[in-house]
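Start at 1 and go down the list; that is how both ligands and their atoms are numbered.
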Amino acid sequence: MKADILFKQARVIDGSGQADYQADVAVCGDRIIRIAPAIREKADRVIECRGLALAPGFIDVHTHDDLAVIKRPAYTEKTSQGVTSLIVGNCGISAACAVLQEEVPDPLNLLGEREEFVFPTLASYRARIDALAPSVNVASLIGHTTLRNSCVASLAEPADADSTKAMCRLLREALEQGALGLSTGLSYGNAVNASTEEICALAALLPAYQGIYTTHMRTEYDGIIEAMHEAFRVGREAQVPVQISHHKCAGAANWGRTTETLRLIEKYQQQQDISCDVYPYRAGSSNLDLKQVTTDYDILISWSAPHPEMAGKTLLEIAARWDTDVHQAAARLLPAGAIYFQMHEEDVRRVLSHPCSMIGSDGLPCDPNPHPRLWGTFPRVLGHYSREEKLFPLTTAVHKMTGMSAARFGLRQRGLIKEGYFADLVLFDAERVNEAGSFQQPKQLAIGINRVFVNGVLTWQQQQMTGQRAGRFLSKR
Ligand code: ZN
Ligand code: CU
């Protein structure tokens with residue numbers, strides 16, 4: 001069979017975590033059709049890859065890009081990093097299945113504006129993605145807070161039996177329509193009063209659909225061990241795999257405790273299926289939460305509705321300018337977004353290098369001054385942590401963003417360079433690849449990402465979008 005694209009003499013990092021090798025790779029239509037030491041057949045386009053690494057397109061397993069990718073289907077912030085698939089709907093908030101009144105409840109407001117929430121079912125969201133063909137593939141979890149918002153009388157209370165039944169109905173329908181699983185965001189005000197039983201009732205629906213349970217746990221601060229026990233209990237009772245979202249030990253009092261949390265994961269892995277995702281930075285970011293305000297570490301304001309001029313300044317600077325303390329300054333900035341330097345570098349490294357972790361950006365696409373993870377997560381893992389800091393080999397870094405991720409979330413025939421698999425591919429310069437942004441200048445194109453192909457279509461080259469897009473909705477069914 002004649003190939004559309006032939007990659008010549010690529011250093012293939014196939015996503016399995018196994019050793020790299022030199023080969024030619026042929027693509028026809030949306031598939032990889034042949035991998036061999038030397039392919040002599042003709043192809044419409046021949047790409048000389050000498051000196052470059054060819055990997056499966058990166059999978060961002062933790063995103064809040066549900067609506068951003070619809071608003072900006074040429075999704076530069078992720079495509080420029082070599083990302084070819086996104087998992088949306090994390091942390092309890094999915095745009096799919098959201099039915100809103102006037103206000104957008106916190107933290108659903110991380111996803112977009114009121115008028116963008118027009119997807120009462122997963123089927124309607126899926127149809128929109130397929131019609132748009134964004135520059136990346138999209139798969140979706142269903143958010144518990146989204147379901148609560150549609151079904152409970154008060155978000156401040158646990159769901160009663162009738163509301164739980166209604167949430168289960170919505171979730172089952174979404175699973176039928178191809179959702180990957182259920183996510184929770186239990187530390188947020190609009191879910192913190194949900195009972196564990198409420199979560200268990202929903203999670204019990206997942207096994208029939210091979211769904212996964214992902215959780216932004218009840219707390220990542222002092223009570224993290226109890227929060228992990230709750231997550232594991234849901235996994236055991238419902239018999240579903242558990243993914244701890246953006247695993248971290250937050251707050252100065254908890255620095256160093258990932259030795260404890262990772263040990264706990266290892267212990268429970270003997271009896272159940274547990275993994276986590278992680279972003280490669282010691283700062284987190286979300287809506288500004290008065291409960292998280294402290295002077296123990298820097299807090300950078302990423303946006304503020306009443307004081308947009310304060311974006312990019314630290315809370316301490318703002319408090320000094322207003323001649324007040326950080327707590328009062330924070331209260332005056334609300335609603336607002338913040339970047340918290342709440343982790344210890346050693347903890348970040350320990351989680352990144354643990355065999356149970358995969359890479360997810362948790363980037364916030366609506367922030368005017370976003371955490372740099374939105375533009376830099378994947379090249380930073382490859383360049384900073386693997387090449388420069390030698391935290392793990394490049395093959396491991398790639399595995400944590402491709403093969404491992406696809407297997408975990410059930411993205412069929414993706415995440416590996418393998419004959420018959422989809423041609424989601426990234427060609428990059430392993431000697432140069434890195435993030436270019438910083439907390440001050442976060443919106444920067446990654447360095448060293450040479451070309452990106454999505455379903456066999458060249459989407460990114462020479463540091464720009466090609467204008468062609470071929471992203472699809474990736475369904476579990
Ligand atoms: Zn989260
Ligand atoms: Cu998140």
inquiry  = Tell me which one of D277, V278, T261 satisfies side-chain contact (heavy atoms from CB on, under 4.5 Å) with V351.
reply    = V278
inquiry  = Using the side-chain contact (heavy atoms from CB on, under 4.5 Å) definition, which of the options V69, V452, V83 pairs with K78?
reply    = V83
ask   = Is there any ring-ring contact (aromatic ring centres under 6.0 Å, His included) pair reaching into residues 76-112, and which pairs are they, with sequence neighbours excluded?
value =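 Those involving residues 76-112 do not exist here.
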task = Run through the protein N/O/S atoms less than 2.8 Å from the Zn ion (ligand 1) and write them out by chain and number.
result =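 Protein N, O or S atoms closer than 2.8 Å to the Zn ion (ligand 1): C91 SG, H216 ND1, H246 NE2.
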ask   = Is a side-chain donor or acceptor of D424 paired with a backbone partner of N455 at a separation under 3.5 angstrom?
value =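 Yes, the answer is positive, given that a donor and an acceptor are paired below the 3.5 Å cut-off.
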inquiry  = Quick one about S163 and D160 (side-chain donor to acceptor, distance below 3.5 Å, no hydrogens or angles considered), yes or no?
reply    =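 Per modelled atom types, D160 and S163 side chains form a pair under 3.5 Å.
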Minimum-distance N/O/S atom that H62 presents toward the Cu ion (ligand 2) =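 Distance check against the Cu ion (ligand 2) picks out NE2 in H62.
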Of the N, O or S atoms in D362, the one nearest the Cu ion (ligand 2) =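 Of all N, O or S atoms belonging to D362, OD1 is the one nearest the Cu ion (ligand 2).
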message = Under 2.8 Å from the Cu ion (ligand 2), can any N, O or S atom of H64 be found?
response =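 Coordinating: yes.
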message = I'd like to know: is the Cu ion (ligand 2) within the 2.8 Å range of an N/O/S atom from H216, strictly under that distance?
response = no
key: Centroid-centroid under 6.0 Å between Y281 and H371 rings   =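 Under 6.0 Å, so yes.
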inquiry  = Under 6.0 Å between ring centres: does that hold for F232 and Y213?
reply    =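 No, the ring of F232 stays outside the 6.0 Å limit from the ring of Y213, centre to centre.
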request  = Inspect the surroundings of CD in Q101 and state if more than 12 heavy atoms from other residues, nucleotides or ligands are less than 6.0 Å away.
outcome  = no
